[in-house]
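Heads up: the structure comes next, in structure tokens.
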Amino acid sequence: MNNLFIPNTGNPSEEIFESLLQLPNIKIQKITSHGQTSDEWYEQEEDEWVVIIEGEGELTFEDGRVIRLGKGEYIHIPRMQKHKVTYCASPTIWLAIHYSR
């Protein structure tokens, strides 16, 4: 049985994306990170709600806002809002829910 609280194993030099549910209007992913950050801006067609299950991470937005998230903290990122991961502990487990309205 799968468990949200256990980091996915594999190559720690890469983030591991596990699709938990995918329907036409919603996608739920478990992401295990090992310190990875993003150089490029994410600009998604869907809204995103993300929560840190384990670890901590930092999101930087194009408008200059920096949001630090710890275990249990969450954020809603509206569609087309440019953002990137600028810090991530190892390991960090993210639960990301992408949805369209």
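No experiment lies behind these values; they were computed from the predicted model shown.
Expressed to the nearest 0.5 Å, how far CD of Glu15 lies from OG1 of Thr37 amounts to 9.0 Å. To the nearest 0.5 Å, atoms OG1 (Thr60) and CD (Glu58) are separated by 5.0 Å. Rounding to the nearest 0.5 angstrom, the gap separating the CZ atom in Phe61 from the CH2 atom in Trp41 is 9.0 Å. Atom CG of Leu21 and atom NZ of Lys30 lie 15.5 Å apart (nearest 0.5 Å). Note: Asp47 CG to Arg101 CZ = 4.0 Å, rounded to the nearest 0.5 Å. Separation of atoms CD1 (Ile31) and CD (Gln36) is listed at 11.0 Å; rounding is to 0.5 Å.
Between Tyr87 and Arg68, some side-chain heavy-atom pair lies under the 4.5 Å cut-off. You'll find the side chain of Ile53 reaches within 4.5 Å of the side chain of Phe5, heavy atoms only. Taking 4.5 Å as the limit, some side-chain heavy atom of Val85 sits within range of a side-chain heavy atom of Leu59. Within the 4.5 Å cutoff, the side chain of Gln81 has heavy atoms near those of the Arg65 side chain.
Ile75 and Val66 are members of different hydrophobic clusters when ILVMFWY side chains are connected at heavy-atom separations under 4.5 Å. Using a 4.5 Å cut-off between side-chain heavy atoms of Ile, Leu, Val, Met, Phe, Trp and Tyr, with links allowed through other members, Tyr42 and Val51 fall into different hydrophobic clusters.
Shown here for Ser33 and Trp94, the closest heavy-atom pair between the two residues is OG-NE1, 3.0 Å.
Of the charged side-chain nitrogens involved, none lies within less than 4.0 Å of a carboxylate oxygen, so that Glu56 and Lys71 do not count as a salt-bridged pair. Using a 4.0 Å cut-off between charged side-chain N and carboxylate O, Asp39 and Lys84 make no salt bridge.
Remark: of the listed residues Ile93, Leu95, Leu69, Leu69 is the sole one forming a side chain to side chain contact (heavy atoms under 4.5 Å, CB included) with Ile52. When Glu46, His83, Lys82 are each tested for a side chain to side chain contact (heavy atoms under 4.5 Å, CB included) with Ile77, only one passes: His83.
Annotation for Tyr74: atom OH does not count as buried by contact number, only 12 or fewer foreign heavy atoms lying within 6.0 Å.
Looking only at distances, a side-chain donor or acceptor of Thr32 sits under 3.5 Å from a matching main-chain atom of Asn8. Formation of a donor-acceptor pair under 3.5 Å by the Glu14 side chain with backbone atoms of His34 is not found in this model. Formation of a donor-acceptor pair under 3.5 Å by the Arg79 side chain with backbone atoms of Glu45 is found in this model.
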task = Evaluate side chain to side chain contact (heavy atoms under 4.5 Å, CB included) for Glu54 paired with Ile6, printing each intermediate quantity in order.
result = CA-CA 9 Å; Glu54 185 63 55; Ile6 298 174; over 6 Å; no
query = Would Ile97 and Val50 satisfy side chain to side chain contact (heavy atoms under 4.5 Å, CB included), going step by step from the backbone distance to the final call?
reply = CA-CA 6 Å; Ile97 301 172; Val50 63; over 6 Å; no
request  = Check the pair Tyr99, Asn25 against side chain to side chain contact (heavy atoms under 4.5 Å, CB included), reporting the backbone distance first and the verdict last.
outcome  = CA-CA 5 Å; Tyr99 62 95; Asn25 293 342; 5.8 Å; no
